[in-house]
Each structure stands twice: as C-alpha cells, then as structure tokens.
Protein chains: 2
Amino acid sequence: MRKGPSAMRAGSVLRGPRIDIIQYGMLWMMSSFFDHPILDTHSGQALYRQVYVWIKSGIEKGILVVGERIPPTRELAGLIGLNRTTVSAAYELLENEGLIKSMVGKGTYISARPALSSKSASSSAPEAEISFQSSRPSKELFPLDAFRATCQEVLASPEAIDILQLGSPSGYPPLRRYLLEESQKNGNAKDDDDILITNGCQQALDLIQRVFIANDSDSVMIEDPVYAGVRNVFQRARVTGVPVHYDGIDLDALERFLPRDRPKLLVVTPNFQNPTGATMPVPARLAVLRQANAFGMTVVENNIYGSLRYEGEHLPTIKSLDDSASTLLLGSFSKIAFPGLRVGWIIGPRRMIARLAEAKQWCDLHTDQLSQAVLLRFAESGRLNGHHQQVFEAGLKRLHAVIDACERHLPKGSTFTQPQGGMNVWVRLPDPLDASKLLPQALSRGVSYLPGSHFAVTRPAAQCLRLSFAGLEPERIHAGLAILGRVFAEGLEHDRQRSKFDSEPVVV
Amino acid sequence: MRKGPSAMRAGSVLRGPRIDIIQYGMLWMMSSFFDHPILDTHSGQALYRQVYVWIKSGIEKGILVVGERIPPTRELAGLIGLNRTTVSAAYELLENEGLIKSMVGKGTYISARPALSSKSASSSAPEAEISFQSSRPSKELFPLDAFRATCQEVLASPEAIDILQLGSPSGYPPLRRYLLEESQKNGNAKDDDDILITNGCQQALDLIQRVFIANDSDSVMIEDPVYAGVRNVFQRARVTGVPVHYDGIDLDALERFLPRDRPKLLVVTPNFQNPTGATMPVPARLAVLRQANAFGMTVVENNIYGSLRYEGEHLPTIKSLDDSASTLLLGSFSKIAFPGLRVGWIIGPRRMIARLAEAKQWCDLHTDQLSQAVLLRFAESGRLNGHHQQVFEAGLKRLHAVIDACERHLPKGSTFTQPQGGMNVWVRLPDPLDASKLLPQALSRGVSYLPGSHFAVTRPAAQCLRLSFAGLEPERIHAGLAILGRVFAEGLEHDRQRSKFDSEPVVV
C-alpha cells in the first residue's frame with residue numbers, strides 16, 4: 001500500500017485567499033475548495049484518482065462552477081503535497097471527460113458539470129464490486145413482465161382518466177379501501193381506524209413529526225442505532241436514543257427514560273430493525289404498549305420490514321395488540337415491491353389520520369396516483385404475492401448465507417445479530433477495531449458496508465457495521481465476507497504489532 | 001324557497017350529555033355531534049337531504065363511529081327542530097346506503113363508513129352541475145392513448161428496471177438533464193444553476209419554507225389574495241400579504257413593506273396568478289428584482305401557469321431577467337399535463353438547490369420515478385407539445401367565453417380580470433354583495449365557484465370570487481354565468497328591497 005508524503009496537509013504552501021488576475025482582466029479569487037483536499041493516503045486507491053474524484057465532486061456539488069479557474073498543476077501539487085505528475089494525471093482524466101479545459105496562457109477552467117447520475121459521483125470510494133451498503137430489494141428479482149402487464153391493465157381500465165386528474169390528499173380511494181380491508185383482516189386495523197397514503201415510509205415519519213412535534217421542547221424516543229432517515233426527520237425535536245439489543249429496544253432503559261423525557265412519540269421497528277435486524281418478542285411489544293398508556297405517548301410502529309420474514313413464526317404487530325388507540329402503524333411497498341415507486345401508508349385512529357391528511361395536503365397535495373393505482377392492481381391481481389414468493393426464497397438463502405459467512409469469516413470476538421428476515425445484519429467487531437477506519441481497506445478490495453457511526457444517535461457504534469444482504473446472491477455474500485474477514489484480521493494484527501512496540505519499555 | 005322553522009337551534013330540546021341505556025346493558029353517551037347540526041335553511045337544498053349529508057359527513061370524519069348509536073328519528077327531529085318525517089327520510093337514505101341500521105327494540109346504529117371517494121362527501125353542497133371551483137385541467141382533453149403508448153415505451157426501455165429501484169433525492173437524472181437543458185435554452189436557467197425534482201409545486205414551496213424559514217420571526221411576503229396552498233405552507237413564518245392588482249403585486253405596497261418586514265422570501269406568480277389571473281408586465285418584474293437585491297431577499301417565482309398563455313406575447317420570467325442569482329423558479333407538469341402525476345421542479349443557484357435536495361431527502365427520499373420517467377418520455381417524444389396545442393385551442397375558446405359571459409351576465413358595477421391565459425378569472429361584485437353569502441343560492445341552482453374569502457391573506461375579499469374556467473366548455477361557461485348573473489342580480493334586488501324598508505321613518 002502506498003504511503004502519502006508527510007507534507008500532505010491543507011494550505012501548506014499557500015495561505016490566505018489566493019488572488020489571481022487572468023488575462024482578460026477579471027479579478028478571480030480562487031475557491032477555498034482547494035485548501036481542503038479530501039484525500040486518504042491509506043485508502044489504497046491511486047492518488048491521481050482520488051484527486052480526480054475530489055475535484056469532480058466539487059464541480060458536481062456546485063462548489064466549483066463552470067468558468068471558474070482552478071490552480072495550475074504545479075501549484076495544486078505544492079498545495080496538497082503531491083507530485084505534479086499525480087495532479088497532471090487527475091487533470092487529464094477531468095479533461096478527457098470535458099469537465100475542465102486548459103487554455104494556453106489562460107490557465108485551466110471548469111468547463112462543464114459532470115453528467116448527472118443517480119449514484120453520487122462525489123464519493124471518494126471506488127465503485128464497490130460487492131456492496132453490503134444498501135438496504136433495498138434486489139433489482140434482479142423485479143418481475144418486469146408482470147409490472148408491464150399491470151400498467152397496461154390499469155391504463156386500459158375506465159379509471160385511467162381519473163388517475164391522471166388531481167386526487168385526494170388521503171390517497172387513491174380504491175387503494176385505501178384495499179389496504180384498510182387487508183389490515184382489518186389481519187388485525188392491523190380496527191373498525192374505527194383510517195388510512196393515509198404517503199410517499200413511502202419516510203414521508204409518513206415526516207408528517208408525524210409535523211403534526212406531533214410543536215417545537216424543540218417536545219421529546220421523541222427513537223432506537224439507537226437507527227436508520228439515519230429516522231434520526232434526521234426529528235431534527236426539530238428533543239431526541240432520546242433508546243439502545244437496541246438483538247431483541248429490540250432496551251425496556252429497562254425505556255422505563256428509566258420515560259419519566260424524565262415524557263416523549264410524545266416512541267418510534268420503534270419491532271420486526272428486523274434497520275440497521276440491527278433486531279426483532280422484539282411479543283412480551284416486549286406488550287411492555288411498550290403498557291408504557292405508552294402509562295405515559296400517554298403515541299407509538300409509531302415502523303413495519304416496513306414486517307412482511308419480509310423468511311423463517312420462524314409471524315409475530316403480531318404492536319398495533320394489533322393495542323386496544324387503546326395509541327399506535328400508528330407504518331407500511332410501505334418499497335421493501336416488498338419497488339422502491340422507485342413511492343407509496344407507503346399510515347394506519348391509525350381516525351382523528352389522528354385526519355390531522356395527518358391535512359398536513360399531507362400542504363406538503364404536496366397528494367401522493368402520485370399512477371403508482372398508487374399500479375401498485376393496487378399489482379396487489380389485487382395476485383402478482384405481488386407471486387413476487388413475494390420469489391423474494392422469500394431468495395431472501396432465505398441470502399439470510400443463511402450471510403449468517404454462515406459471518407460465522408466463518410469474522411474474527412474471533414465478533415458478534416452479530418441473526419435475524420429471521422429483513423435485509424440487515426449488525427456486526428460488532430472485537431476491540432479495538434473501528435469499522436469506519438477499516439472501510440477504506442475494504443473498499444480498496446472491492447467490498448463496501450456502512451459503518452456503525454452512520455446509525456448512531458447518542459451512543460457511538462464505532463466497532464459496529466451494517467451488512468445489507470438482500471441485494472446479493474449467496475456466493476457474493478460469501479466472497480464479500482471472506483474479504484472483510486481478512487481486512488478485519490489484518491486490522492487486529494496491525495494493532496497487535498503496534499501494541500507490541502508500544503509495550504516496549506523506554507530505555508532511559 | 002323553503003324557509004326553515006324558527007325553532008331550528010341546536011340543543012333546543014335536550015341539553016347536556018344525553019345518556020341512554022341500550023338493551024344489551026352497555027352505557028352509551030350519545031355523541032355531542034347531534035347538538036350541532038350543520039343545516040342551512042336558506043340554501044334551497046331539501047332539508048332531509050341536508051340531514052343525510054350532515055350525518056354521513058360525521059361518519060366519514062370519524063366523529064360518529066361504527067357501532068355508535070344515533071338518536072331515534074323522533075328525538076333528533078325534536079332536537080334540531082324539524083319534522084319527524086324529514087329526519088325519517090334522511091335515515092332512509094342512510095339505511096339504503098348501508099351506513100346505519102335500525103334494530104327493533106335496540107335503536108339505530110352506525111353500521112358502516114361511507115365508501116371512500118376522492119371527493120369529500122362531507123360538503124353539505126349538492127354536486128354542482130357547472131363547477132367553476134377547481135383550477136385544474138380538463139380531463140376530457142387528456143390524451144389517454146398517447147399516455148398509454150408513453151408508458152409502454154418507458155417500460156420496454158432498458159432503463160425500466162432502474163426506474164423501479166430506489167432513486168436520487170434530486171430527481172430522475174435524465175429528467176433533470178432534459179428540464180435543465182430546456183430551461184437553459186429559453187433563458188430560465190443559467191450555467192451554474194441546478195434543478196431539483198419535487199412532487200409538484202406544492203412540495204417545492206414546502207421545501208423552500210423548510211430551508212429558508214428558521215422560526216416564526218422569519219418573514220415571508222406572499223400575494224393577497226393567493227392560492228390557499230401558498231398561505232398554508234408558510235404557517236411557521238411571519239406572513240405579509242402584498243395586494244394583487246390586475247397587473248400583479250402592488251409595487252408601492254411592496255416598497256413600503258420591505259424596510260419594515262425584511263422578508264427572507266417573496267413568493268410571486270407573475271403569469272396568470274391564482275386566483276386573480278393577474279400578469280405582471282416586464283417593468284414590474286424588473287422592479288421586483290431590484291427590490292430583491294436591495295433587501296437581500298430571495299424571489300420564489302411560481303410559474304406553473306406560465307406556459308398556459310393562449311394569446312398575447314410571451315413575457316420573460318423574473319428568473320431569466322435575474323443576473324444576481326436571487327430567484328428560484330418553480331415549474332410543474334400538473335397544469336400542462338396530468339395533475340394526478342406529481343412532478344414539479346425548482347431551478348436555482350446550485351448552492352440553494354443542494355440545500356433543498358437535502359431537505360427533500362428527509363421529507364420523502366425522492367419523487368416517484370415511474371411518473372418522472374413517463375413524463376420525460378411524454379415530453380421528449382413530442383406528445384406533450386401535441387397535447388399543448390389541444391389545450392391552447394380549448395383554453396383560448398374558454399377564456400374568450402368566460403370574459404364574454406362576464407361582460408354579458410355580471411351585474412353593473414362588477415369588475416373582473418381579463419387574463420390572456422391560465423385558468424382563473426377574478427370577479428369583484430358591486431357593493432354590498434358578499435360572494436360567500438350568495439354561494440348557497442348559486443349551488444342550489446347547480447353552479448359553484450370559490451368565494452374570495454377562500455384566498456384572503458389579510459385583506460378581506462368578501463365581494464370577490466374566483467371563476468376557474470379551464471375545465472368547462474364554452475356553452476357551459478355561458479350557461480353557468482347566466483345563472484350566476486341572475487343570482488347576483490337577485491342579491492342586489494333583495495338588498496334594495498331591504499334598504500327601502502330600512503329607510504322608512506319610524507312612526508312614533
């Protein structure tokens with residue numbers, strides 16, 4: 001692995017704002033962007049490529065704009081402590097892509113923005129070959145023919161014209177009716193419950209925070225660690241993280257925090273929590289309800305992974321156990337069908353749903369009707385069930401593969417959750433490993449994951465990482481974990497070596 | 001017109017919570033719902049039908065729930081001061097619809113919720129035959145075959161599978177590229193601008209308030225009158241309404257208010273404003289920009305009606321006149337294509353768009369990709385242009401019809417805007433008419449509109465009303481305005497009669 005020069009510190013050559021007069025007489029102040037190189041000499045990625053990615057991301061993020069001058073190669077090399085050839089190689093890549101242009105005697109300029117892509121090019125990571133990063137379904141399993149047929153049927157129906165016209169803030173009525181009836185059948189909706197269609201589960205959470213959180217003195221309890229979208233949506237509130245164990249939130253901690261914080265909301269994911277994969281047993285679900293009643297808080301039950309159980313017994317939702325109308329149940333088609341179509345829902349007491357529907361109206365009028373109608377037809381036609389079978393079969397194999405591979409490849413002293421469904425396994429590495437620090441090594445060998453720090457609320461999770469397995473075939477899961485196992489083992493070895501030298505007595 | 005009995009006051013027969021023991025021994029407290037009948041004896045709608053709509057709306061809103069007992073016909077008749085036969089007729093309608101059930105010896109119960117419908121059944125208004133209420137495109141003009149073909153092409157393309165997978169918060173990249181390039185061609189985007197795709201224009205406004213409004217000491221200026229969705233989205237801010245005249249916002253008022261309020265945002269709709277139809281001439285657009293620069297505020301230019309110009313000359317957007325990067329331009333497919341597909345956008349300086357995209361991510365991850373891809377294809381294939389031609393032709397005829405009909409039928413002393421596009425005309429009735437008070441009369445004759453009070457920010461607009469003409473064929477526009485003309489003339493006559501009697505000297 002290549003070691004970076006020790007001089008690689010920002011601003012080591014030029015200090016203060018750099019002013020430069022270009023030939024047509026305009027005064028340019030060079031962007032301070034170049035004072036803060038984002039380079040990692042330990043990442044194993046070639047430095048010229050890192051420089052290229054760094055500048056490209058600056059253009060993409062709008063920090064460097066078209067027409068802006070960038071430093072000559074010699075100057076930038078000095079500034080960031082690299083060889084001029086390294087910088088020249090990066091500029092060459094940028095120029096080949098048409099992003100910069102060198103004009104003799106006039107310097108080098110940003111000449112275009114990178115072509116837009118759904119993947120952010122701003123990451124300094126090379127494209128991982130085996131990605132455990134994303135908790136989303138495998139697109140190879142999408143039943144495209146069935147989807148095409150569904151769209152065709154929807155658009156051939158007499159309702160087609162009304163789908164194109166402005167709809168209702170509460171959602172497409174036939175979809176609401178279908179989901180509410182299904183939920184009543186399986187106990188997830190009571191007779192006096194209602195349903196609101198949202199743009200996926202993220203919007204459900206956002207609408208809930210709008211309606212329930214008046215200001216930053218209102219308190220919310222969320223799981224810790226938790227999916228960043230949950231943490232970020234409650235920015236306006238006072239947030240307490242309740243630790244999550246393999247069997248869900250820590251009930252003792254919850255009991256301790258409740259009298260102190262008196263939260264308005266408790267957001268829990270009882271099935272296959274993201275990122276831990278943890279599932280709460282029934283007594284824990286009942287305990288949460290008792291606490292909700294005792295403290296007058298509303299339980300927000302995020303159940304988007306609930307129907308992704310590949311083995312073991314189905315557990316009743318908190319909502320179905322709740323006789324006190326204090327639970328809002330969130331569902332979505334994203335994990336079980338197509339996340340590109342943004343359709344989720346909230347089921348709860350009619351008065352709460354009415355308030356949420358009003359908030360929805362001023363957020364975005366209503367959820368897209370084409371997708372609502374298509375997903376309804378996909379479900380009613382039985383195609384969703386057929387797709388489920390495929391997803392379950394694949395999911396079970398992938399789940400077993402990830403657990404087997406964790407057992408086989410993770411270093412001694414590692415622990416990991418063993419869910420019976422969902423998309424994620426949570427790994428805790430042995431002391432003193434840090435998952436963030438090891439990520440560049442993993443990336444350099446073509447494997448990616450999300451480090452625990454990404455999901456931390458208040459408790460650091462530096463030793464932890466999330467493995468999202470649902471998008472990978474078993475052999476790739478095994479191959480990826482074999483690589484990760486080596487990276488982590490080397491990390492331990494590296495630490496042992498250092499400790500050995502550290503422990504040498506100083507000769508005085 | 002039928003006159004209601006004078007005894008029709010709430011709670012005139014029973015007072016306090018009514019307690020009733022039903023046969024199976026449960027204690028029921030009858031809903032206080034029945035203490036507050038929503039009936040209008042002057043509306044001209046049959047009273048049995050009003051009672052039916054009132055109770056049905058109570059069930060729909062969740063105030064009356066399934067299993068709940070409702071008063072016997074005799075009791076309710078006494079309670080609200082109507083004949084028992086009137087109440088019986090209402091109950092019969094409800095029973096025919098399966099919403100209530102009478103059981104001999106056990107009373108009458110709510111037995112089901114009304115079937116969901118996209119139109120709220122809670123309105124006590126009968127279905128208007130000629131509706132000037134909704135500012136939306138005519139669904140009869142939707143080119144369903146072209147839309148079907150578009151969907152088919154999108155789903156046959158190699159991109160189909162990626163459309164179904166999770167997308168980018170900024171929007172579907174090919175759509176962003178297309179819209180940005182189009183906007184650059186017509187001057188609406190500069191080289192260093194970027195674009196964010198939103199769920200229609202309403203979400204664009206919501207994201208802007210999230211990013212720009214920190215708390216209720218931050219000020220926003222909006223037009224007065226204005227579409228309620230603009231007013232409601234800025235609930236968190238200090239809001240000032242700037243009067244709108246036929247040529248857009250009152251620049252003198254703006255100049256007076258600015259030093260006092262120092263707003264962060266000014267939200268304007270320079271083309272065919274909703275509800276007034278007002279259009280700002282170019283000097284006014286430039287004046288707004290000068291003020292924006294002088295006071296460091298951002299102009300939010302809502303241009304959703306901009307391309308619906310049926311006649312006259314196209315005017316440059318404020319955004320295209322802005323060299324100071326202080327304008328955000330909002331666009332949408334809703335008014336020009338299909339409002340059921342929720343796709344709009346914001347074009348503006350890259351740094352602002354980056355902040356808005358981050359907010360978007362925590363609102364709902366991203367906009368539905370199926371609709372984004374379909375609308376892109378609809379535009380790129382030339383079908384959107386073809387559809388435009390149809391919409392323009394129809395729009396021009398409807399615009400001329402509404403202006404002709406206003407001239408012909410509105411009472412002397414009325415004024416109304418005469419836009420060259422869009423969907424709305426704003427009418428001011430002569431003193432002392434009140435558009436809200438006259439609405440029931442109009443409804444009873446099958447014509448609806450939205451009264452000015454619906455759009456008021458701080459200045460009452462009781463004499464005003466909005467006529468949305470885009471969804472009505474010329475002959476219906478003429479027929480509707482003939483009816484409205486008679487309703488308003490009768491209102492004036494009624495007032496004259498009353499004044500005549502009022503002016504009689506008291507005989508002492």
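Hydrogens, waters and symmetry mates are skipped; everything else that's a heavy atom, side chains included, is used. Every chain is numbered from 1, with letters handed out A, B, ... down the list of sequences.
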What is the distance from atom [atom1] of [X] to atom [atom2] of [Y], rounded to the nearest 0.5 Å?
X: D191(A); Y: I110(B); atom1: CG; atom2: CD1; result: 12.5 Å
X: Q202(A); Y: K360(B); atom1: CD; atom2: NZ; result: 11.0 Å
X: L205(B); Y: C363(A); atom1: CG; atom2: SG; result: 11.5 Å
X: N199(A); Y: L365(B); atom1: CG; atom2: CG; result: 9.5 Å

Checklist entry - Most heavy-atom pairs under 4.5 angstrom with chain A, which of V154(B), L144(B), I161(B)? => result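 Most heavy-atom pairs within the cutoff with chain A belong to I161(B).
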[X] versus chain B, the contacting section by heavy-atom distance below 4.5 Å:
X: D368(A); result: both
X: D216(A); result: neither
X: Q209(A); result: side chain
X: P137(A); result: both
X: L341(A); result: both
X: C151(A); result: side chain
X: S170(A); result: neither
X: Q165(A); result: both

Checklist entry - How about E358(B): does its CD atom have over 12 heavy atoms from other parts shown lying under 6.0 Å from it? => result no
Under 4.5 Å from a heavy atom of chain A, the part of [X] involved:
X: D192(B); value: side chain
X: T198(B); value: neither
X: D193(B); value: backbone

Would you mind reporting whether [Y] and [X] have side-chain heavy atoms less than 4.5 Å apart?
X: L164(A); Y: K139(B); result: no
X: L370(A); Y: F147(B); result: yes
X: R342(A); Y: L166(B); result: yes

Checklist entry - Which atoms form the tightest heavy-atom contact between D364(A) and Q203(B), and what is the distance? => result CB-CB, 3.8 Å
Next on the checklist: For residues 230-237 of chain B, give me every residue with a non-hydrogen atom less than 4.5 Å from any non-hydrogen atom of chain A.
Outcome noted: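 Within residues 230-237 of chain B, near chain A: N232(B), V233(B).
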Next on the checklist: Between G229(A), P349(A), G200(A), who has the most heavy-atom pairs with chain B when the cutoff is under 4.5 Å?
Outcome noted: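 If we count pairs closer than 4.5 Å to chain B, G229(A) comes out on top.
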